[in-house]
Amino acid sequence: MKLKKKKALKKIGRYDKADLPELGLSDIDIKIDTGAFFSVIHCQNIRKIKENGEEKIVFNLLDPNHAGYNDLEVSINDFQIKTVRSSNGIEEERYAIESSIILFGRKYETLLTLTDRSVMRYPILIGRSLLKKHFLVDVSKKNLSYKKKLKG
């Protein structure tokens, strides 16, 4: 009987910075949230429209107070609707999109739910659906991926 060798998990801290190339974002602040299942990104003006008979969602990433804000409207026709339960137990439906995120120089595909996080400190939360099988969270550390990126 052959035993499979387990892949070593990459250690990630409580906070970091990541790139989301498909959304035009780089060095964006992220918070690791093991209590959340889905990852989430801060958006405003989120709405569903119908264009040429096709449904799509349209939104603005971040907000004018954020350094990475560029006032561009994002339009995506490949989206899902997910039910998300907040920490206080309230459920809400959110639009969700597939996107890639770069951490430690590696690209990971993930599902991002869209919501207005303007009152929150971090525009992106990374949840368990991305963390599992890839990362081990060390809450005493921060910016491990970003530090590696700066070293080149």
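Computed from a predicted structure; not experimentally measured. Residues take their numbers from the sequence shown, with the count starting at 1.
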Measure from the side-chain N and O atoms of [X] to the backbone N and O of [Y], and report whether any donor-acceptor pair falls under 3.5 Å.
{"X": "T113", "Y": "S39", "result": "yes"}
{"X": "S145", "Y": "F104", "result": "yes"}
{"X": "D16", "Y": "L144", "result": "yes"}

Next on the checklist: Closer than 4.0 angstrom, basic N to acidic O: yes or no for E92 and K82?
Outcome noted: no
In terms of hydrophobic clustering (I, L, V, M, F, W, Y; side-chain heavy atoms under 4.5 Å; direct or indirect links), are [X] and [Y] co-clustered?
{"X": "L114", "Y": "I81", "result": "yes"}
{"X": "L130", "Y": "I12", "result": "yes"}
{"X": "M120", "Y": "L25", "result": "no"}
{"X": "I46", "Y": "I49", "result": "no"}
{"X": "L61", "Y": "Y95", "result": "yes"}

Next on the checklist: For N60 and V74: C-alpha separation, side-chain torsions, deciding distance, then whether side-chain contact (heavy atoms from CB on, under 4.5 Å) applies.
Outcome noted: CA-CA 6 Å; N60 297 93; V74 178; over 6 Å; no
Item to check | Trace of the side-chain contact (heavy atoms from CB on, under 4.5 Å) decision for V40 with R94 | outcome: CA-CA 10 Å; V40 60; R94 292 185 189 163; 3.6 Å; yes
Next on the checklist: For a side-chain contact (heavy atoms from CB on, under 4.5 Å) check, start with the C-alpha distance between Q80 and L111, then their side-chain angles and the critical distance, and finish with the verdict.
Outcome noted: CA-CA 9 Å; Q80 302 173 34; L111 189 70; 3.6 Å; yes
Qualifying residues under salt bridge (charged side-chain N to carboxylate O under 4.0 Å, His left out), relative to [X], sequence neighbours excluded:
{"X": "K48", "value": "E55"}
{"X": "R85", "value": "E91"}
{"X": "D116", "value": "none"}

Checklist entry - Which pairs, with at least one residue in residues 26-58 and sequence neighbours excluded, count as a ring pair (Phe, Tyr, Trp, His ring centres under 6.0 Å)? => result none
Item to check | Sequence neighbours excluded, every pair satisfying ring pair (Phe, Tyr, Trp, His ring centres under 6.0 Å) that has a member inside residues 124-152 | outcome: Y108-H134, Y108-F135
Per-pair distances, 0.1 Å, donor-acceptor, side chain in residues 27-36, under 3.5 Å, sequence neighbours excluded:
unit_1: D27; atom_1: OD1; unit_2: K149; atom_2: NZ; d: 2.6
unit_1: D29; atom_1: OD1; unit_2: K17; atom_2: NZ; d: 2.8
unit_1: D33; atom_1: OD1; unit_2: G35; atom_2: N; d: 2.9
unit_1: D33; atom_1: OD1; unit_2: A36; atom_2: N; d: 3.4

Next on the checklist: Under 3.5 Å, is there a donor on one side chain and an acceptor on the other for N77 and E54?
Outcome noted: yes
Measuring from atom [atom1] of [X] to atom [atom2] of [Y], what distance do you get when rounded to the nearest 0.5 angstrom?
{"X": "T83", "Y": "E93", "atom1": "OG1", "atom2": "CD", "value": "4.5 Å"}
{"X": "C43", "Y": "I57", "atom1": "SG", "atom2": "CD1", "value": "8.0 Å"}
{"X": "T115", "Y": "Q44", "atom1": "OG1", "atom2": "CD", "value": "10.5 Å"}

Item to check | Ring-face cation of K142 near Y15 (centre distance under 6.0 Å, axis angle within 45°) | outcome: no
Item to check | Over 12 foreign heavy atoms within 6.0 Å of CZ, R47 | outcome: yes
Next on the checklist: As a quick check of understanding, evaluate side-chain contact (heavy atoms from CB on, under 4.5 Å) for I41 and L23, giving each step before the final call.
Outcome noted: CA-CA 11 Å; I41 187 166; L23 299 175; 4.0 Å; yes
Distance-minimising heavy-atom pair for [X] and [Y]:
{"X": "K107", "Y": "S100", "result": "CG-CB, 3.4 Å"}
{"X": "L112", "Y": "S99", "result": "CD1-CB, 3.9 Å"}
{"X": "I101", "Y": "T110", "result": "CG2-CG2, 4.1 Å"}

Item to check | Side-chain heavy-atom pair F59, I76 within 4.5 angstrom cut-off | outcome: yes
